[in-house]
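Before any comments, here is the structure.
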Protein chains: 2
Amino acid sequence: MQQSPVPPEPPIYRRIADGLREAILSGALRDGDRLPGENALMAEHRVARATARQALSVLINEGLAVPKRGSGVYVRLFRPIRRHGSRRLAQRQWGQGQAIWDSDTAGRPYAVDEVEIDREVAEEEIARVLGGAEVWVRRRRYSVDGRPVQLSVSCFPAALVEGTPITRQDTGPGGVYARLGDLGHAPAHFTEEVRARMPHPHETVQLDLPAGTPVIAIGRVAYTAEGVAVEVNEMVLDAASYVLQYDFDA
Amino acid sequence: MQQSPVPPEPPIYRRIADGLREAILSGALRDGDRLPGENALMAEHRVARATARQALSVLINEGLAVPKRGSGVYVRLFRPIRRHGSRRLAQRQWGQGQAIWDSDTAGRPYAVDEVEIDREVAEEEIARVLGGAEVWVRRRRYSVDGRPVQLSVSCFPAALVEGTPITRQDTGPGGVYARLGDLGHAPAHFTEEVRARMPHPHETVQLDLPAGTPVIAIGRVAYTAEGVAVEVNEMVLDAASYVLQYDFDA
DNA sequence: CAGTGGTCTAGACCACCTC
DNA sequence: AGGTGGTCTAGACCACTGA
């Protein structure tokens with residue numbers, strides 16, 4: 001007899017997690033709502049504590065829930081910021097500005113803290129792109145609504161920016177790009193490489209990330225009209241806080 | 001007396017995980033290498049099995065390691081594909097094509113499987129962008145080197161494409177964009193919205209994702225020169241398999 | 001068939017938050 | 001003070017892998 005293949009039942013913790021996920025995705029549980037705790041799940045499903053815990057850990061690692069010590073597990077909030085890559089072709093020029101995904105694009109102020117400026121020897125890849133290892137590095141952290149959302153490390157060829165405001169805290173009006181323009185090396189072209197991955201431990205600390213939050217890593221190179229690379233900027237964004245938008249022609 | 005604030009020691013499982021992570025990031029353990037198993041960690045650190053397990057789960061959820069049943073836990077492989085957003089400004093036109101992140105951009109063939117074509121009523125956001133809820137939908141899955149890497153769902157206004165090859169499996173030479181051109185609605189502008197998040201369960205299955213792998217979700221809208229939206233394409237990419245590249249002018 | 005990871009139980013002590 | 005999640009122990013049975 002051919003045994004008809006019985007689909008194996010998922011383990012208990014998965015079925016509990018599936019139920020909770022369904023409640024979240026269906027909207028029965030909304031942003032910030034409290035999930036049933038470990039004790040509640042133990043009683044409701046007649047399981048050991050470790051099993052209830054494992055179910056909750058699934059949702060936490062999926063980024064759908066956030067645990068709060070001594071309080072409970074809560075549905076994760078998602079309030080993205082819209083970051084425009086190429087603004088040159090503003091979407092509204094040829095569309096009605098219809099976005100697929102919502103985001104609070106409105107003027108929420110950025111705060112910049114933890115600025116560090118140093119002269120360093122760049123790592124290999126950056127030295128290759130900039131054509132030299134001697135660089136000035138500007139490290140910054142950006143916050144919106146008091147929450148850190150982005151880390152940014154900019155590298156400039158030392159030979160180019162030595163002695164200019166780019167090596168100082170206050171870069172003056174227009175920022176570093178205006179200063180590069182003053183030097184006759186205004187950025188004219190950009191290339192951005194975008195990846196997503198789980199955060200490294202120091203990023204988890206600096207961006208205050210809960211478990212289950214990926215980061216978006218952007219590597220951006222600024223070139224002059226002559227094709228000379230004048231800046232390499234490596235950014236790390238809290239993926240739950242961002243929608244990137246790029247507009248371009250066929 | 002003011003008690004000097006002692007930095008609290010991290011828990012055991014974290015210190016084990018930190019050690020393993022260090023070994024991975026430093027290159028002592030390389031792509032595909034086997035990590036110390038649960039039994040090895042129990043013996044080496046004199047801990048219970050659940051603790052050793054918890055340490056490994058940290059690395060797995062960080063996407064640094066992949067468990068294989070009955071075999072062991074292995075260092076995760078990372079072989080990204082380079083996906084170009086705007087090719088119009090090829091990087092090599094004004095640079096030496098120096099990329100920050102490596103990727104196998106070379107001609108690795110895409111395979112398309114699980115094609116589904118249906119006439120449907122679109123969800124609200126897509127209906128709003130396309131200006132109508134009646135749509136033809138093309139669902140596809142792409143694989144590279146036999147591994148699924150991308151899911152894609154394209155929606156077209158039904159009124160526009162009814163009866164054309166776009167509603168059939170074989171769209172003919174040039175694909176759907178060429179057919180839209182035949183209809184006098186050639187795409188001229190694109191906007192892409194990029195997010196990263198942890199995968200939903202069905203995406204985990206369809207893309208065969210190990211734990212700790214985020215996905216990149218791209219929402220792409222194609223507009224004609226007149227500004228009419230003619231396609232909405234929602235893609236979900238295995239984040240570990242992709243580097244997105246966008247080039248644009250200042 | 002021995003070793004591996006996957007699941008599960010039944011306890012324990014702790015730090016933290018809320019009331 | 002009582003409830004919450006965070007960590008940890010010491011067992012158990014299972015399915016799968018690989019030599």
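Basis for what follows: all heavy atoms, side chains included, without hydrogens, waters or symmetry-related copies. A note on names: the letters A, B, ... follow the listed sequences, proteins ahead of strands, and every chain is numbered from 1.
If you measure from atom CD1 of Ile60(A) to atom C1' of dT4(D), you get 12 Å, rounded to the nearest angstrom. Across the protein-nucleic acid pair, Tyr74(A) atom OH and dC17(C) atom P stand 12 Å apart, rounded to whole Å. Nucleotide dT9(D) holds its P atom 13 Å from the CG atom of Leu41(B), rounded to whole Å. Atom NZ in Lys68(A) sits roughly 10 Å away from atom P in dT18(C) (whole-Å rounding). Here the P atom of nucleotide dA12(D) and the CE atom of Met42(B) are 12 Å apart, to the nearest Å. If you take CZ of Arg69(B) and P of dG18(D), they are 13 Å apart, rounded to a whole angstrom. Residue Glu38(B) contributes atom CD, which lies 5 Å from atom P of dG5(C) at whole-angstrom precision. Counting to the nearest Å, the C1' atom of dG3(C) and the CG atom of Leu35(B) are 17 Å from each other.
Neither OP1 nor OP2 of dG3(C) sits under 4.0 Å from any side-chain N or O of Asn39(B). Residue Ser71(A) places none of its side-chain N or O atoms closer than 4.0 Å to OP1 or OP2 of dG5(D). For dG6(C), the OP1/OP2 oxygens have a side-chain nitrogen or oxygen of Arg53(B) closer than 4.0 Å.
When atom types are taken as modelled, the side chain of Gln206(A) and the backbone of Leu151(A) share no donor-acceptor pair closer than 3.5 angstrom.
Within a 6.0 Å sphere centred on CZ of Arg147(A), other residues, nucleotides and ligands contribute 12 heavy atoms or fewer.
The nucleotide whose nearest atom lies closest to any side-chain atom of Val47(A) is, among dG5(D), dC8(C), dT9(C), dT9(C). Comparing dC8(C), dC13(C), dC16(C) by their closest approach to the side chain of Tyr13(A) singles out dC8(C). The side chain of Arg34(B) sits closest to dG5(C) out of dG6(D), dT17(D), dG5(C). The side chain of Ile12(B) lies closest to dC8(D), out of dC8(D), dC8(C), dG6(C).
Nearer the 5' end of DNA chain C, as judged by each residue's closest nucleotide, is the contact made by Arg46(A), out of Arg49(A) and Arg46(A). Mapping Leu56(A) and Ala50(B) onto DNA chain D by nearest heavy atom places Leu56(A) at the nucleotide closer to the 5' end.
Contact of the Leu244(B) side chain with the Tyr246(A) side chain is not registered, since no non-hydrogen atoms from C-beta on lie closer than 4.5 Å. In this structure the side chain of Arg53(B) never reaches within 4.5 angstrom of the side chain of Val47(B), judged on heavy atoms. In this structure, Ser241(B) and Pro80(B) have side chains that are not in contact, with every pair of non-hydrogen atoms separated by 4.5 Å or more.
Evaluated for a side chain to side chain contact (heavy atoms under 4.5 Å, CB included) with Tyr242(B), the options Met235(B), Gln150(B), Arg82(B) yield exactly one hit, Gln150(B).
Side-chain atoms of Ser71(A) and Arg34(A) form no donor-acceptor pair, as typed in the model, at a separation below 3.5 Å.
Sorted by residue number, the list of members of residues 14-24 of chain B with any non-hydrogen atom under 4.0 Å from DNA chain D is empty.
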